[in-house]
Participant: 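My questions all concern the structure below.
Throughout, a chain's letter reflects where its sequence line sits, starting with A, and its residues are numbered from 1. Worth knowing before you read on, the calculation uses all heavy atoms, side chains too, and leaves out hydrogens, waters and symmetry mates.
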Amino acid sequence: MTARIGVITFPGSLDDRDTHRAIRLAGAEPVALWHRDRDLQGVDATVLPGGFSYGDYLRAGAISRFSPVMESLVEAARDGLPVLGICNGFQVLTESHLLPGAMVRNDHLHFVCREQKLRVETAATAWTGDFTAGQEIHIPLKNMDGRYVADERTLDELEAEGRVVFRYLDGNPNGSLRDIAGITNEAGNVVGLMPHPEHAVEPLIGTAGTDGLGFFTSVLRTLSTVGKVSA
Amino acid sequence: MSLDTTKHAAGTPDTPLPWAELGLKEDEYGRIREILGRRPTGAELAMYSVMWSEHCSYKSSKVHLKQFGEKAPENTALLVGIGENAGVVDVGQGYAVTFKVESHNHPSYIEPYQGAATGVGGIVRDILAMGARPVAVMDPLRFGAADHPDTKRVLPGVVAGIGGYGNCLGLPNIGGEVVFDPCYQGNPLVNALCVGVMKHEDIHLAKASGTGNQVILYGARTGGDGIGGVSVLASETFDSTGPAKRPAVQVGDPFQEKLLIECTLELFAEGLVTGIQDLGGAGLSCATSELASAGSGGMRVELDRVPLRDSSLSPEEILMSESQERMCAVVEPAKVARFLEICEKWDVLATVIGEVTEGDRLEITWHGEQIVDVPPRTVAHEGPVYQRPYARPEWQDALQADDAARLPRPAGGEELREQVLKLVASPNQASKAWITDQYDRFVQGNTVLAQPEDSGMVRIDEETGLGVAVATDGNGRYAKLDPYTGAQLALAESYRNVAATGARPLAVTDCLNFGSPEDPGVMWQFAEACRGLADGCRELGTPVTGGNVSLYNQTGETAVHPTPVVGVLGVIDDVARRTPMAFAEPGQLVYLLGETREELGGSAWSQVVHGHLGGLPPAVDLDREKLLADILISGSRDGMIDAAHDLSDGGLVQAVTESCLKGGNGVRLVVPDGLDPFVLLFSESAGRAVVAVPRSEELRFTDMCGARGLPATRIGVVDGDAVEVQGQFSLPLAEVREAYEATIPALLA
Amino acid sequence: MARVVVDVMLKPEILDPQGQAVQRALPRLGFGGISDVRQGKRFELELDGPADDAALARIHELAETFLANTVIEDFTVRVEETGAAGSPAETVRAVS
Amino acid sequence: MARVVVDVMLKPEILDPQGQAVQRALPRLGFGGISDVRQGKRFELELDGPADDAALARIHELAETFLANTVIEDFTVRVEETGAAGSPAETVRAVS
Ligand SMILES: Nc1ncnc2c1ncn2[C@@H]1O[C@H](COP(=O)(O)OP(=O)(O)O)[C@@H](O)[C@H]1O
Ligand SMILES: [Mg+2]
């Protein structure tokens with residue numbers, strides 16, 4: 001059975017269709033989830049895609065967090081469902097307190113779009129198993145509110161527990177504390193990051209490489225090892 | 001004040017109306033009375049005045065724009081031509097593409113962020129109204145001097161607005177232009193282009209037909225913003241003082257527009273839409289009269305049903321409001337319920353405001369009383385037409401006689417080197433990454449090429465790799481020296497840019513930015529540019545499918561340079577064959593295609609080194625452009641070239657430098673016999689490109705060029721980490737990069 | 001009918017680039033003597049009913065769960081006398 | 001040492017997409033009884049000297065030329081007693 005991976009569409013989600021494509025290219029079946037539906041349709045994992053849900057008005061992710069679908073998702077995530085939040089999806093995850101800290105305006109106050117070099121800090125999450133710790137990858141970055149902040153204690157804790165998943169290399173694009181590009185929860189099933197793996201899955205499109213595919217193949221491997229689906 | 005109904009108007013012929021304040025001329029007002037057989041009501045006057053404004057009626061430009069249709073080349077690809085919201089072109093495999101460029105110049109000067117943002121919003125709705133999914137935007141921009149303090153106010157705001165709106169809509173920005181010139185100081189040019197894709201059967205037109213069909217207004221509520229924006233902002237100069245009761249600037253809501261896009265595409269997909277029109281300039285006045293005018297019947301609208309943001313608005317104001325993010329659809333009665341359901345799904349407010357009637361009148365009521373009863377064609381399509389006087393300006397001869405060939409030239413290699421550095425570091429030639437990095441170019445996952453490539457390219461079919469490429473170009477300096485040639489040079493450059501990436505140019509859109517049409521000199525520039533563009537399009541076989549005219553671009557008595565901006569759209573069967581600009585492989589051979597003549601009039605060199613503008617612009621040879629395009633396309637298709645970059649402002653040295661920096665490789669150039677190194681590097685002769693040819697393909701490539709009669713000169717090899725011109729100078733790549741990349745951030749950050 | 005204002009500011013320890021950008025621009029604009037600038041958000045809520053204790057408690061909750069993200073922001077809630085003369089704030093209606 | 005607050009709000013007739021988005025979300029969050037929400041900006045300026053008439057006049061000018069865009073926004077300038085007890089505003093320092 002192929003894995004079924006949900007992609008939530010909020011009003012103002014932009015990269016949902018791209019995420020469907022990435023999931024397909026990785027060999028899984030994308031399942032469209034609608035913000036108003038509580039039903040997660042029995043998916044094996046879920047992606048919260050990038051975009052400007054609710055226009056990023058108030059704060060990025062602040063309004064989406066109260067969607068009916070998020071109630072089910074928060075519960076499922078606590079029960080171990082693999083969840084990946086990309087950019088706006090990451091912002092929704094912090095607003096929902098599934099991940100600690102918060103995302104604020106880039107320190108230079110501009111939207112930034114560029115190819116970004118990252119270091120994968122840990123392979124021990126549901127979404128990074130196909131990488132090796134220390135591996136350097138290229139993933140497009142595009143955001144306005146990408147600066148990750150949290151208090152010192154939280155940051156220390158994240159580092160001590162190996163929960164910083166990605167760090168920016170060759171220049172911090174937004175002033176993120178400790179160059180953090182992505183983090184995970186204690187259980188390692190929920191991962192959020194600012195860069196966009198779904199835009200690095202085809203050689204011709206977006207960035208030159210296909211480093212983004214690893215996120216989606218990783219979760220398939222995770223699912224097969226827990227026996228949810230066959231690889 | 002009591003309601004000015006049609007009945008009341010008929011009984012009070014002598015009531016004075018503020019037609020002059022609304023920008024109408026006496027004879028125009030007379031014509032309205034003649035059409036109606038009575039004085040207009042206040043609401044009717046509001047409609048006529050906005051719809052007969054320069055911006056909506058094209059009254060000064062119409063007689064010249066006609067040529068685009070009259071001289072249009074036979075082109076079987078053209079599915080919908082000029083006159084609709086945007087033209088539609090067949091790109092094969094059942095796909096059609098629609099694209100158009102528009103201006104938002106004056107609002108962007110007053111409120112840079114919102115002016116530019118709503119410019120993007122407006123053009124996107126135009127494309128959407130054709131039935132297409134918008135897939136990319138571009139933004140040709142022009143500002144005053146780069147170091148002028150006001151540029152630091154206007155430019156960052158405009159760029160943030162374009163990014164803020166476009167990024168939030170999920171439309172990749174795949175190219176544009178940034179030009180600085182003091183002539184745009186008080187009047188920046190903010191043009192925005194949108195491209196959309198659909199299947200042939202999805203084409204929708206703006207017309208209301210089918211008696212009993214319902215008229216549905218959906219999207220944002222109507223507020224008091226932008227009232228009179230059309231006439232005051234787009235048609236008059238800034239010093240005109242009118243009653244500014246309501247703000248003429250609008251605030252955009254990109255989130256609402258994103259919902260409008262998804263909602264509208266779902267409505268199309270379910271076949272719920274008979275006719276559709278976006279609300280842009282002139283708001284409901286425009287949408288209702290154009291829908292009714294193009295359709296077979298009449299239309300009745302109950303204006304009091306329009307959902308308002310501000311309940312104090314008068315019917316006149318509702319008709320003129322330019323509130324953003326609204327659309328108007330004509331829907332069969334049986335489909336209304338489903339229509340409203342889909343709107344509800346997307347949180348989009350939708351209201352039935354009227355219906356298509358049997359007659360041929362547009363009737364509008366306000367709480368049951370009739371306030372408008374007009375023949376819609378007279379509002380929408382039969383506005384005034386002016387034959388404005390035009391005359392070649394007296395100064396034109398002197399300007400052309402002031403030949404750039406007389407300017408002092410660099411004395412040797414060392415001075416040449418200095419001038420090259422100065423050129424690539426000049427604001428117009430320097431890297432625009434500080435600007436373009438504020439735009440999302442990845443969203444939708446189909447972007448094959450984006451800035452700084454010669455043209456933007458998006459894939460439109462994942463299975464086959466079918467894609468389209470678009471470039472926009474314009475050079476106000478050339479057009480100032482000779483508007484006819486200048487317009488053709490803009491066309492030629494844009495055409496060449498598309499071909500350089502391997503796509504076959506198909507069709508044209510244009511935005512004509514000029515000064516006041518009441519100035520005969522400006523009118524001559526406009527007439528010449530139209531003639532040049534129409535002639536050029538005929539020769540190249542690329543019809544103009546639509547565009548936009550922006551007049552009154554001037555500060556006081558001084559007009560901006562005549563600035564025709566031309567967008568060319570091309571098609572490529574498989575985007576895997578696209579040609580990028582980067583010199584990526586050391587050892588590849590660098591060929592210069594085309595002929596280099598001594599042409600420095602209007603050049604970047606004359607501007608940067610001498611602050612000079614005079615002489616004649618480069619000569620145009622459109623047959624040569626076609627041949628060059630053929631070679632570039634064949635070279636890409638058959639794998640003979642690995643990189644290509646067109647030559648335009650800044651000449652060869654600029655192009656080669658950009659290809660080196662992009663690829664991270666140097667180049668060793670040898671000046672061909674008989675050519676002066678200075679001319680080789682800085683001349684701006686048209687019809688040229690540089691290409692990188694793998695050694696294994698050299699023979700095949702040169703044979704092809706030889707057989708087709710295109711001059712191809714081997715001028716060097718990709719190698720090392722410097723731009724080296726043998727016997728002249730060598731510039732380390734790191735030094736050039738620093739010069740090229742530091743300028744714009746230093747000015748704006 | 002009452003107006004309640006909720007002011008939301010970044011916590012002092014969080015970098016406020018917007019405020020800093022304003023502050024950096026001041027000398028260029030010829031404004032000296034301003035040692036710090038912070039930029040936050042102001043929400044004006046129009047209530048259907050009176051701004052009594054119950055209403056204010058609800059708005060406090062709204063601010064805490066929604067209008068502010070208390071991981072990074074502080075907020076204040078206060079009632080504003082609308083239209084009252086002698087209001088301490090001078091409302092400027094700029095003419096454009 | 002004084003604190004001056006500049007509040008900048010969109011003019012009433014100008015669309016406020018942010019305020020509207022907040023308002024539309026309220027019923028879903030279970031907050032009724034709020035008929036309108038507008039969102040604006042709040043600037044807190046710390047002065048080196050006292051907030052005397054001269055200083056306020058300068059800040060007024062700053063607000064007019066820089067902090068607000070008077071084409072679409074109105075602003076108010078007022079002095080805030082810092083640290084003064086009995087301030088009408090209740091400052092909430094949320095614990096995260
Ligand atoms: N405002 C802009 N928005 C997006 N892309 C831009 C903008 N200005 C310039 N570019 C891009 O930068 C590159 C260089 O621009 P330009 O030198 O004008 O190109 P060309 O001379 O080939 O027309 C092109 O890819 C162009 O599309
Ligand atoms: Mg080019």
Side-chain angles (χ1 to χ4, degrees), chain A residues 8-14 34-38 51-74 88 91-105 109 111 144-145 148-158 177 183 185, chain D residues 3-46 59 61-77 89-96:
Chain A
I8 301 180
T9 298
F10 299 102
S13 290
L14 304 179
W34 183 238
H35 70 113
R36 280 193 199 169
D37 294 339
R38 242 164 263 274
F52 284 79
S53 62
Y54 292 97
D56 273 4
Y57 299 152
L58 186 57
R59 289 180 310 279
I63 302 182
S64 300
R65 170 221 165 171
F66 290 99
S67 309
V69 74
M70 284 307 293
E71 285 175 30
S72 317
L73 190 81
V74 168
N88 197 238
Q91 293 157 342
V92 175
L93 291 178
T94 58
E95 284 282 341
S96 315
H97 308 302
L98 278 173
L99 292 174
M103 312 301 309
V104 295
R105 182 71 26 112
L109 300 177
F111 187 94
M144 186 70 174
D145 297 281
Y148 181 74
V149 297
D151 56 34
E152 288 295 312
R153 211 194 51 209
T154 307
L155 293 170
D156 290 342
E157 220 170 81
L158 285 174
L177 295 181
I183 56 172
N185 64 347
Chain D
R3 170 180 292 177
V4 177
V5 172
V6 180
D7 287 321
V8 177
M9 301 296 292
L10 284 167
K11 293 185 182 187
E13 62 271 28
I14 297 273
L15 174 71
D16 172 15
Q18 309 226 43
Q20 289 205 344
V22 169
Q23 197 190 339
R24 275 201 300 265
L26 294 179
R28 216 167 356 105
L29 304 182
F31 289 94
I34 297 177
S35 61
D36 192 26
V37 180
R38 309 273 301 168
Q39 180 176 336
K41 295 177 200 155
R42 172 187 165 93
F43 297 91
E44 295 182 354
L45 314 178
E46 309 294 339
I59 291 179
E61 193 194 328
L62 175 69
E64 184 154 27
T65 54
F66 187 60
L67 298 180
N69 176 350
T70 54
V71 176
I72 52 174
E73 293 167 328
D74 293 330
F75 63 90
T76 65
V77 176
E90 160 215 19
T91 296
V92 177
R93 194 65 218 277
V95 265
S96 51

Participant: Is there a side-chain contact between A:I63 and D:R28 in this structure, where contact means two heavy atoms from C-beta onward sitting under 4.5 Å apart?
Facilitator: yes

Participant: Do you know which two heavy atoms are closest between A:Y57 and D:A21, and how far apart they sit?
Facilitator: CD1-CB, 3.6 Å

Participant: If I measure from the heavy atoms of chain A, does D:Q39 come under 4.5 Å with its side chain, its backbone, both, or neither?
Facilitator: side chain

